[in-house]
Amino acid sequence: MHDVQRRYVIPGDKIVEGNFRPLMNVIKAGNSLIATRIGIAETGRDGVKVIPLSGVYIPRVNDLVIGKIVDHSSLSWEVDINSCFSAHLPAQDVFGRDFSPARDDMGRHFAIGDMITARIMAFDRTRDPMLTVQDRDLGKIPRGEALKISATRVPRLIGKRGSMIQMIEQATQTRVLIGQNGIVVVTGRTPEGIKLAVRAIRMVEEEAHTANLTQRIKVLLGIPDVPPQQQDAPRDAVAGASKPEGATIDEVEEELEVEEEK
Amino acid sequence: MSSSKRSPIIVEHLRKQAMWDALSRGKRLDGRDFGDQRPLEIEIDVIKKANGSARVKLGDSEVIAGIKIETGEPFEGLESKGALIVTAEVLPTASPHVEPGPPDEEVVELARVVDRGVRESEMVDLDQLALVPGKIVYTIFVDCSVINADGNLFDATSYATVAAILSARLPIFEMQDSKVVDTGQTKDMPLRTIPVSITAIRIGDSVLIDPTAEEEACMDARITIDTTPEGFCAIQKGFAGSFTIDQLKKAAETARIKGEAVRAKLRELTGKNG
Amino acid sequence: MDELREVKITVGTVKNADGSAFIEFGKNKILAAVYGPREVHPKHMALPDRCVLRCRYHMSPFSTDTRKNPAPSRREVEISKVMREALEPALMLEDYPRAAIDVYVEVLQSDGGSRCAGIAAASVALADAGINMRDLVAACAAGKVDEKIVLDINDTEDKEGGADMPVAYLPRLDQVTLLQLDGNLSPEQFNECLDKAISGCKMVYEIQKKALMQKYFGNETEMKEETQ
């Protein structure tokens, strides 16, 4: 881990020269590795990658997302998942194989404006993302305050093994549902708690890449400065199950913290 | 032809419920009271190439107005008056729902309602703007570009228009050998008053001023009321919905009170009275 | 003669857009906003293997000396096209098949070289939107005034001048993506003019990079852990 080099980059910046493998958001030009996004470049043994700090959500199969029903046909609902493509939830996914548009009333399940948690079942370059709600804790979200953050900040909001979001939840007595697509829903006992949680989430979004973020969130939440007890409580279904492949800002922070401790 | 349509913005049920809960307590989602305007920033002389200009930020709605003063033929029936035209374009930069292209009926209504407030208040003394009555008059174009849209474009565009007019200098044109010559000199615009637009919407039984885009997506009806210090000069009820007589009278009173505050701000900024 | 007018770029000025930038280039005041990648409407316009880039260059009616009709002119239609073609080589459009990226450039106040300033702003807005890019697109014009080759000519010089040559350039890849010439140049003057425009592009590139770094990383140019 010690040989991982990090720096801030913008598109076109040369990150490093040499025989490195380009991983995400990096291209190779001759002997140089070039960033294609604004973000944090990491050069390690496996290769070079850029953890982006801006950009819309691009769907990936198995991601858990929070979406909004925006329309329906006789066979499926159209779901806005805050991405470059609308997703589709087939009526069959809800009603089963013998779904009949004539017999089954789709409006009984979801109406335009409803929010749902769903998993991306299929998505490739030839068709729009297909959703499923057939899993524990998926489906219509009955209550809560929804907000939108940049999808690039989701890993940071979750934190290493859920540390950041658990800290926010405990201090504000709330539950925070996080979709990989950057939609977040907060529920809680008191309006004040929800308000504070929303402020903390906004702060994580705006200052995701800066040093000592955890410390500043603690100040905002009024948490006394003692070493935190590592909780290994199971994460909320949406956030916990959706640990993305590859690098996350969360891991950067994890490594930063490891280094800080030394 | 005008046809009914669905709002391009679909507000989540969760959000709608939260809005209704807040409204039942006399509050709005952003913490405002029903009669509170969002923060209003007005900057004048932002476009040096224009004869007058202003940039207005009303919450997250942002509009630039620029004035070009030329000469031309008078309008039919108004041969001895200068011509004043307000246009508006909601730029495709303004929101993901705007398509580039000629203005649709919403944008035409926006421009005409703003135009009417300026025209009917007789803010600009157009009688002083005829060069050769019946033949050549001053033509004042106020063109408004909406850069970012977050609701209440009527008031944001109106304030930009009025501030741009207040900031404008009138080029002095002269007739020499029956040709118009720009002397290169300028003078004050002939101004009479300052009209101020206040827009309110109804959601259920609540009437609130200066709506955000999200509130507009939930509205039942809308009303824009232009006032001068003396009273009312232009009104437009909009959107397929209605108000009670009582709601209208209260909205009119609110428009006078809130309008006075905006007028004071415009006076202070431009040093113009009215 | 080899100096650029004052150039200032601010990133993220349009709240609703996915990416945006405001450029002041001499007296030019130009806004660029990017939406996307997003769904293509109408759907049949989508391309199966890459993203559709759409570009609009538009001048506000009050941006020019005499009022401009708000309807798009032939000049604006052409500039929209060459602008799109100048930006496309920098974008990794194959990363977003079937989607569209919209680039809207609005000239609020015009001066000479507005297309170059617009391209520079659009490129920064695209980076701000998080679109994968091989490089930023820098742009600058050079021209001929009184038989002398000068960098970055303004409006008055343009009207008097003998030639105007706008250039867009990918500095890291050393590729020219826009080149137009309006006026007469000798073979020697052409070489000199091109070299000068490229040197201007390199100056603009530095300003673009600085604006993005400032927006995203503030005054920290190095990561904390390395400076500690």
Side-chain angles (χ1 to χ4, degrees), chain A residues 55-57 65-72 77-87 107-118 139-148 150 174-177 179 181-188 190-199 202 238, chain B residues 3-34 36 38-39 59-61 92-100 148-151 201-204 206 208 211-220 239-241:
Chain A
V56 305
Y57 169 70
V65 295
I66 298 176
K68 172 168 66 177
I69 309 280
V70 291
D71 207 350
H72 70 84
W77 288 274
E78 188 182 335
V79 187
D80 174 359
I81 55 166
N82 191 30
S83 175
C84 45
F85 299 108
S86 292
R108 233 183 55 228
H109 274 269
F110 302 120
I112 291 171
D114 278 352
M115 293 194 80
I116 59 167
T117 51
K140 184 167 159 178
I141 303 173
R143 69 187 71 81
E145 179 157 345
L147 62 152
K148 196 191 270 190
S150 166
T174 55
R175 291 287 283 165
V176 182
L177 223 60
N181 56 336
I183 307 293
V184 177
V185 176
V186 186
T187 49
T190 63
E192 294 72 35
I194 294 175
K195 220 179 219 175
L196 186 58
V198 169
R199 270 182 66 196
R202 287 277 172 234
V238 172
Chain B
S3 66
S4 40
K5 54 182 153 299
R6 201 165 79 177
S7 161
I9 301 172
I10 296 167
V11 180
E12 298 86 354
H13 287 158
L14 295 180
R15 194 80 184 146
K16 253 189 188 158
Q17 192 57 53
M19 189 186 290
W20 288 330
D21 289 350
L23 293 176
S24 70
R25 296 193 310 270
K27 283 279 176 191
R28 299 160 73 168
L29 280 181
D30 54 13
R32 283 187 288 159
D33 290 333
F34 293 177
D36 287 350
R38 289 171 291 177
D60 284 326
S61 286
T93 64
S95 101
H97 310 291
V98 183
E99 297 271 338
N148 196 69
D150 186 17
I201 61 163
R202 177 175 70 78
I203 302 176
S206 310
L208 16 136
T212 61
E214 189 179 56
E215 287 171 335
E216 284 178 353
C218 298
M219 73 183 169
D220 296 304
F239 207 67

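Just so we're on the same page: letters track the sequence lines, and every chain starts at 1.
- By a heavy-atom distance cut of under 4.5 Å, not one residue of residues 21-34 of chain B is near chain A.
- For Phe110(A), the ring-ring contact (aromatic ring centres under 6.0 Å, His included) partners two or more places apart in sequence, or in a different chain, are Trp77(A).
- Partners of Asp220(B) under the side-chain contact (heavy atoms from CB on, under 4.5 Å) rule, at least two apart in sequence or in another chain, are Arg202(B).
- Here the closest non-hydrogen pair linking Gly67(A) and Ile81(A) is CA-CG2, 4.3 Å.
- Ala146(A) and Met115(A) get closest at one heavy-atom pair: CB-SD, 3.7 Å.
- At a 4.5 Å heavy-atom cutoff, Pro191(A) makes no contact with chain B through either its backbone or its side chain.
- One distance of note links OG of Ser95(B) with CD1 of Ile9(B); it measures 6.5 Å at 0.5 Å rounding.
- For His109(A), the ring-ring contact (aromatic ring centres under 6.0 Å, His included) partners at least two apart in sequence or on another chain are Phe95(A).
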